[in-house]
2 protein chains.
Amino acid sequence: MSDLRKTSVQDLLRSTDLDREVLVRGWVRTRRGNKYVQFIALNDGSTIHTIQVVADAEIFPEENLKEVTTGSCLAVRGKLVASQGKGQAVEIQASEIEVLGTTNPEEYPLQKRGSDQKGISLEALREIAHLRPRTNTFGAVLRIRHAMAFAIHKYFNDNGYFYVHTPIITGSDAEGAGQMFRVTTLPEQNPPLDEAGQVDYKQDFFGKATNLTVSGQLEGELAAMALGKIYTFGPTFRAENSNTARHLAEFWMIEPEVAFNDLHDNMDLAEDFLRSLVRYALEHCADDLQFLNDQYDKELLNRLKFVVDNEFQRLTYTEAVEILKSAKQKFEFPVDWGTDLQSEHERYLVEKHFKKPVILTNYPKEIKAFYMKLDDDGRTVRAMDVLFPGIGEIIGGSQREEDLQKLVTRMREMHVPEEDLWWYLDTRRYGTAPHAGFGLGFERLILFVTGMSNIRDVIPFPRFPKSAEF
Amino acid sequence: MSDLRKTSVQDLLRSTDLDREVLVRGWVRTRRGNKYVQFIALNDGSTIHTIQVVADAEIFPEENLKEVTTGSCLAVRGKLVASQGKGQAVEIQASEIEVLGTTNPEEYPLQKRGSDQKGISLEALREIAHLRPRTNTFGAVLRIRHAMAFAIHKYFNDNGYFYVHTPIITGSDAEGAGQMFRVTTLPEQNPPLDEAGQVDYKQDFFGKATNLTVSGQLEGELAAMALGKIYTFGPTFRAENSNTARHLAEFWMIEPEVAFNDLHDNMDLAEDFLRSLVRYALEHCADDLQFLNDQYDKELLNRLKFVVDNEFQRLTYTEAVEILKSAKQKFEFPVDWGTDLQSEHERYLVEKHFKKPVILTNYPKEIKAFYMKLDDDGRTVRAMDVLFPGIGEIIGGSQREEDLQKLVTRMREMHVPEEDLWWYLDTRRYGTAPHAGFGLGFERLILFVTGMSNIRDVIPFPRFPKSAEF
C-alpha cells in the first residue's frame with residue numbers, strides 16, 4: 001500500500017481533482033451504516049474534519065469490519081469522489097482497508113464520545129492528557145496553539161526582531177517575579193555543608209545555587225542592547241501553590257525587548273502584535289474556531305473580531321482609580337491610589353466601563369518592579385498592563401530605567417542585590433539607551449483565542465501543584 | 001528627535017531613496033578622522049555592517065565629540081547621501097548628534113577591539129557573555145541562530161506539522177538518555193522523610209520526584225498519534241560532567257515525529273530538512289556567513305553549498321563496520337560488529353571515505369534505545385544517525401516500535417519500568433500506527449552553519465559544569 005503518495009485528510013477535503021485513486025491513513029472516529037454499506041469517519045489530525053470512507057458490503061462484508069471501531073487506525077485505498085450524502089463535498093469509495101492498529105472498545109477511554117466531548121468532561125480528560133489530543137476539542141486547541149506560536153515567530157521575523165534563547169537554569173534570583181524551583185544534582189539527603197553549616201552549593205553541578213527562570217527579560221535586555229530588537233519565547237516557572245484556572249507552574253512566555261522604544265512605542269507594539277495574532281487566528285484557524293464557538297462559547301468569534309477591529313483603550317492608573325472610585329458598582333476590595341488593582345477592578349474597566357481591551361499605564365512605583373523607568377513626578381513608573389476581557393492581564397511591560405544612578409537607587413530602595421546583577425548594570429554603564437519591552441503569557445493568549453476557561457486545557461501537559469504526569 | 005520614523009542601519013544601507021533626512025540610533029564601533037571631518041561607524045544590530053556618519057568639523061568641532069567613543073550610544077539626524085569614500089554606498093551627513101549613553105574607554109571591556117575580535121579571544125569573550133553580542137562575531141552568530149530557528153518553524157509549518165510544547169519538568173526518568181537535574185522545592189537541608197527513611201517526595205511541589213527533561217520524544221509520540229505530524233522545539237538538559245566543546249548542560253532540541261512514516265521516510269525528512277535549513281542560511285544570512293567565512297573558516301561557504309547540492313550517503317551500520325575494518329587508517333578504538341562507533345570512526349566515514357554527510361542505519365539493538373523498531377532479523381533496529389563533517393552526530397532518530405508486545409518485551413529486556421510508562425504504552429494499545437522521528441541538536445546545527453568550533457560560542461548564555469553565569 002505504500003506506492004501511492006500519502007495525502008492528508010485536509011488535502012483531500014480541499015481537493016477538486018476527483019475520481020482518482022488515493023491512499024489515506026488515520027483514526028476512526030465513528031462507523032455506522034446498514035447491511036448494504038458502512039460509513040467510516042476518518043481523522044488524521046490535519047484538520048478537525050473527518051473524511052467519509054464508504055465501504056460497500058459487496059467488497060467489505062460487515063463481519064470483516066469488526067476491527068474498524070472508534071480509535072482504531074486504518075490505511076484506506078480508494079477513489080476520491082463527489083459525495084452523494086450531506087455534510088461533505090467529497091468521500092472515498094474504498095477498494096482496500098487495512099487495520100494498522102486495533103482498539104478494544106471495552107477498554108478505550110474515548111470510546112463513548114466518538115467525535116465530540118459528550119459523555120466525558122474536560123476535567124476527566126485532564127486525567128488522560130496523553131489521549132485527549134485525539135478529541136475534537138483538544139485537536140482544535142493544539143492546532144490553534146501551533147498557529148499562534150508560528151504567528152508570533154512570523155510577526156517578529158517579518159519586523160526585524162531576533163529570537164534569543166535566554167537561559168532556563170539561572171544562578172540569579174534577582175527579579176523576584178515569584179517563587180522558584182531549585183535545580184540541583186547534590187545528594188537528596190545529607191548534602192555537603194560548608195563551614196557555616198549551610199549547604200555547600202560550590203559542590204553542586206554549577207558551583208552555585210541554581211533555579212528555574214521566572215523570566216528572560218534581564219538577559220533579553222542584554223541582547224537588545226546589541227541586536228536592537230529581540231524577543232524570547234521559552235518556558236518559565238513559578239513554584240507558587242496556586243491551584244487556579246489561571247496559573248501554571250510551567251508556562252511559556254514571549255518577551256520582546258526593543259532598544260530606543262519608549263512607553264508609547266511599547267504600547268503600539270503590544271497592541272499591533274496582539275491584534276495581528278488574533279487576525280492570524282481568524283484567517284488560519286477558521287474551522288477550529290468555528291467548532292469551539294459552536295461547542296463552548298457562542299461569543300468567541302465575535303469577541304475575536306472585535307479585538308481586531310477596535311483600538312485598545314489607553315489610560316493611566318491614576319485615571320483608572322478615578323473611574324473605579326466613581327463607579328456605582330460595589331467592589332469587594334476598596335480602591336485607593338497606591339494599591340494594586342484586583343481582578344474585579346480590571347474586569348469592571350474592561351468588561352463594563354470601556355467594553356474593550358484596556359492598556360493601563362504609569363502605575364505607582366511601589367507596586368512595580370525595580371527596573372521600570374521612573375516618571376518625572378517621582379511617584380509613578382512607565383509600566384503598562386494590557387487587560388483583556390475574560391482573561392485580565394495578558395501582557396505586562398514597561399519602559400526600562402536606562403539611567404545607571406536612578407536604577408541603582410531603585411535597587412537599593414527595593415533591596416535588590418547589586419552584586420548579583422553586575423552584568424545587568426553593565427548595560428547602563430556602557431552605551432546605555434532608552435528601551436522597553438513586555439511579557440505575553442502564551443497560555444493566556446491561547447485561553448483568549450480558544451475561549452477555553454481553564455489554563456490546564458490549553459497546554460498539552462499541564463504542571464501544577466501535585467501534578468507532573470506524563 | 002522623535003519626529004522622524006526610526007530607521008534601521010540595514011534599511012538605510014539598502015536604501016536607494018537618497019538625499020532625504022533620516023534618524024538613526026545605534027552604537028559606535030569606531031571613530032576616526034582629522035581636524036576637518038570625523039567618521040563614525042555606527043551599528044544597531046540589524047546587520048553586521050555599520051553605517052558611516054560623517055561629522056563635519058564646522059558643525060561638530062572635535063572637542064564636542066569627546067563622548068563619541070567605541071561602545072557609546074548615539075541618535076544621529078542627518079541626510080542620507082551617496083558615499084564619497086570606499087567601502088560603502090551610502091553615508092549620513094550628520095546635522096545633529098545626541099549621545100544617549102556614554103562609555104568610559106578606560107573601563108569598557110570591548111574598547112580595544114572596535115569592530116573585530118583582534119585583541120580578545122573567544123575564550124575571554126565567554127567571561128563577558130553579557131557584552132559579547134556587541135561584537136561582530138556574536139552578532140553574526142546570533143542573527144544566524146535566529147534565522148535557523150525561524151527556518152525550522154517555517155519548514156514545519158509549511159509542511160503541515162504542528163508545534164507541540166512537551167513538558168520541561170518531568171516525573172518520569174524512563175528514556176535514560178542521560179543524567180538528570182532534580183527539580184524540587186523541599187527544604188535543602190533535612191527534607192521530610194517517609195517511613196523507610198527516604199526523602200518523602202509526596203510532600204514535594206508536584207507530589208513526586210521530578211527532573212528536567214532529557215527529551216520530548218515520548219510525549220511527542222503521543223501527540224503524533226493524534227495530530228499526525230508534529231515537532232517539538234524546546235530546551236533539554238543533561239547533568240553530565242562533560243567539559244567539552246561539543247556538550248552543554250542546557251541545549252535546545254528539535255524533535256519531529258510523524259505518524260505513518262517508516263525509516264526511509266524518516267531519512268528523507270531528515271535530509272530534506274537539513275538541506276532546506278542550510279539553503280535558508282545561504283539565502284538569508286549572506287553577510288554574516290561571509291564575515292565568518294573570512295574571519296574564521298575559509299571553507300565555510302563551500303561546505304554549506306556542498307551540503308545543499310549533494311545527497312547524503314546512506315548505508316547500514318553493518319556496511320559501515322565493513323568499510324572501517326578494511327580501512328588503511330589505524331584507529332585508537334577497535335571496530336567490531338556490535339560496538340558503538342567512536343568519533344574517530346564517524347569522522348573517517350564522513351570526512352575521508354565518503355567526503356559527504358552520511359546517514360547510518362540499522363544499528364545493533366543492544367546499543368540503541370528500547371523504543372526503536374526491531375528489524376526482521378531480530379538483531380538490529382531501525383535507527384538512523386546523521387553524521388556531519390566536523391560535527392559528528394547532528395541527528396539521531398528511528399522508526400518506533402509500534403507493536404505493543406514487541407515493545408514490552410524490549411522494555412523488560414532493557415529494564416525499563418512499564419508502570420512508569422503506562423501512558424506511552426497506551427499509544428500502542430489504542431489504534432497503534434507505524435511512526436518515526438528524530439532529534440536535531442539545535443546548537444550542533446548552529447555550529448555547522450556558523451563554522452564556530454566551540455558549542456559554548458553558539459548559545460547566548462552557555463550552561464556547563466561549574467558555570468551558570470548571567
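Each chain gets a letter, A, B and so on, in the order its sequence line appears, and its residues count up from 1.
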Contact origin within B:Asp158 toward chain A - heavy atom pairs under 4.5 Å: neither

Note, B:Met180 side chain near B:Phe237 side chain (heavy atom, < 4.5 Å): no

Proximity breakdown for A:Lys229 and chain B, heavy-atom pairs closer than 4.5 Å: neither

Ring centres under 6.0 angstrom apart (B:Phe181, A:Phe205): yes

B:Asp204 and B:Thr184: side chain donor to acceptor below 3.5 Å: yes

Straight-line distance of B:Gln111 CD to B:Thr103 OG1, nearest 0.5 Å: 8.0 Å

Toward chain B, the part of A:Leu131 with a non-hydrogen atom under 4.5 Å: side chain

Part of A:Gln203 within contact of chain B (heavy atom distance under 4.5 Å): backbone

Reported CD1-to-CG distance for the pair A:Ile144 and A:Asp288, which is rounded to 0.5 angstrom: 5.0 Å

Approximate separation, where rounding is to 0.5 Å, of A:Ile48 CD1 and A:Asn136 CG: 4.5 Å

Residue A:Pro105 versus chain B: region with a heavy atom under 4.5 Å: neither

Chain A contacts, top residue of B:Glu402, B:Glu67, B:Lys154 (heavy-atom pairs, under 4.5 Å): B:Lys154

Structural part of A:Ile128 lying under 4.5 Å from a heavy atom of chain B: neither

Selection from B:Gly171, B:Ala239, B:Gly71 maximising heavy-atom pairs under 4.5 Å formed with chain A: B:Ala239

Short side-chain donor-acceptor distance under 3.5 Å, A:Asn43 and A:Arg134: no

Euclidean distance, A:Thr135 OG1 relative to A:Arg29 CZ, rounded to 0.5 Å: 7.0 Å

B:Lys208, NZ: over 12 other non-hydrogen atoms inside 6.0 angstrom: yes

cation_pi(A:Arg428, A:Tyr424) dist<6.0 Å, angle<=45: yes

Test of ring centre spacing under 6.0 Å for A:His153 and A:Tyr231: yes

Pairs of heavy atoms under 4.5 Å with chain B: top-ranked of A:Val164, A:Asp262, A:Leu212, A:Asn104: A:Leu212

Choice from A:Val183, A:Ile169, A:Leu222 maximising heavy atom contacts with chain B below 4.5 Å: A:Ile169

Heavy-atom proximity to chain B below 4.5 Å, by part of A:Trp423: both

Under 3.5 Å side-chain donor-acceptor pair for A:Asp420 and A:Ser172: no

Spatial distance of atom CG (A:Leu74) from atom CG (A:Asp44) [nearest 0.5 Å]: 11.5 Å

Interface moiety of B:Phe150 toward chain A, non-hydrogen atoms closer than 4.5 Å: side chain

Heavy-atom pair count under 4.5 Å with chain A, highest-scoring of B:Gln189, B:His165, B:Glu250: B:His165

Passing candidate, ring pair (Phe, Tyr, Trp, His ring centres under 6.0 Å) with B:His146, options A:Phe233, A:Phe162, A:Phe156: A:Phe162

When A:Phe442, A:Tyr163, A:Phe260 are compared by non-hydrogen pairs under 4.5 Å with chain B, the top option: A:Phe260

Option in A:Gln198, A:Glu219, A:Met225, A:Arg143 with maximal non-hydrogen atom pairs under 4.5 Å from chain B: A:Met225

Chain A contacts, top residue of B:Glu107, B:His130, B:Arg132 (heavy-atom pairs, under 4.5 Å): B:His130

Residues of residues 460-470 of chain A contacting chain B, heavy-atom criterion under 4.5 Å, by residue number: A:Pro460, A:Phe461, A:Arg463, A:Phe464, A:Pro465, A:Lys466, A:Ser467, A:Ala468, A:Glu469, A:Phe470

Exercise: identify the closest heavy-atom pair between A:Leu42 and A:Val28: CD1-N, 3.8 Å

Chain B contact via A:Ala259 - side chain, backbone, both or neither, heavy atoms under 4.5 Å: side chain

Salt-bridge present (A:Glu443, A:Arg145; N to O < 4.0 Å): yes

Greatest number of heavy atom pairs closer than 4.5 Å to chain B - which of A:Ile168, A:Ile230, A:Thr69, A:Leu186: A:Ile168

Top contributor to chain A interface from B:Gly431, B:Gly45, B:Gly101, B:Gly207 [non-hydrogen pairs under 4.5 Å]: B:Gly431

Residue A:Leu193 versus chain B: region with a heavy atom under 4.5 Å: side chain

Interchain contact, A:Asp403 with chain B, by part (heavy-atom threshold 4.5 Å): neither

Between B:Glu188 and A:Tyr201, a side-chain donor and acceptor under 3.5 Å: yes

Nearest heavy-atom neighbours spanning B:Val99 and B:Thr102: CG1-CG2, 3.8 Å

A:Asp426 CG to A:Thr432 OG1 distance, which is reported to the nearest 0.5 Å: 11.0 Å

Interface moiety of A:Thr210 toward chain B, non-hydrogen atoms closer than 4.5 Å: side chain

Residue selection (most heavy-atom pairs with chain B, distance under 4.5 Å) from A:Asn190, A:Thr185, A:Val199: A:Val199

A:Tyr161 portion near chain B, given a 4.5 angstrom heavy-atom threshold: backbone

Structural part of A:Phe251 lying under 4.5 Å from a heavy atom of chain B: neither

Interface residue of largest heavy-atom contact number with chain A, from B:Pro133, B:Gly228, B:Pro167, under 4.5 Å: B:Pro167

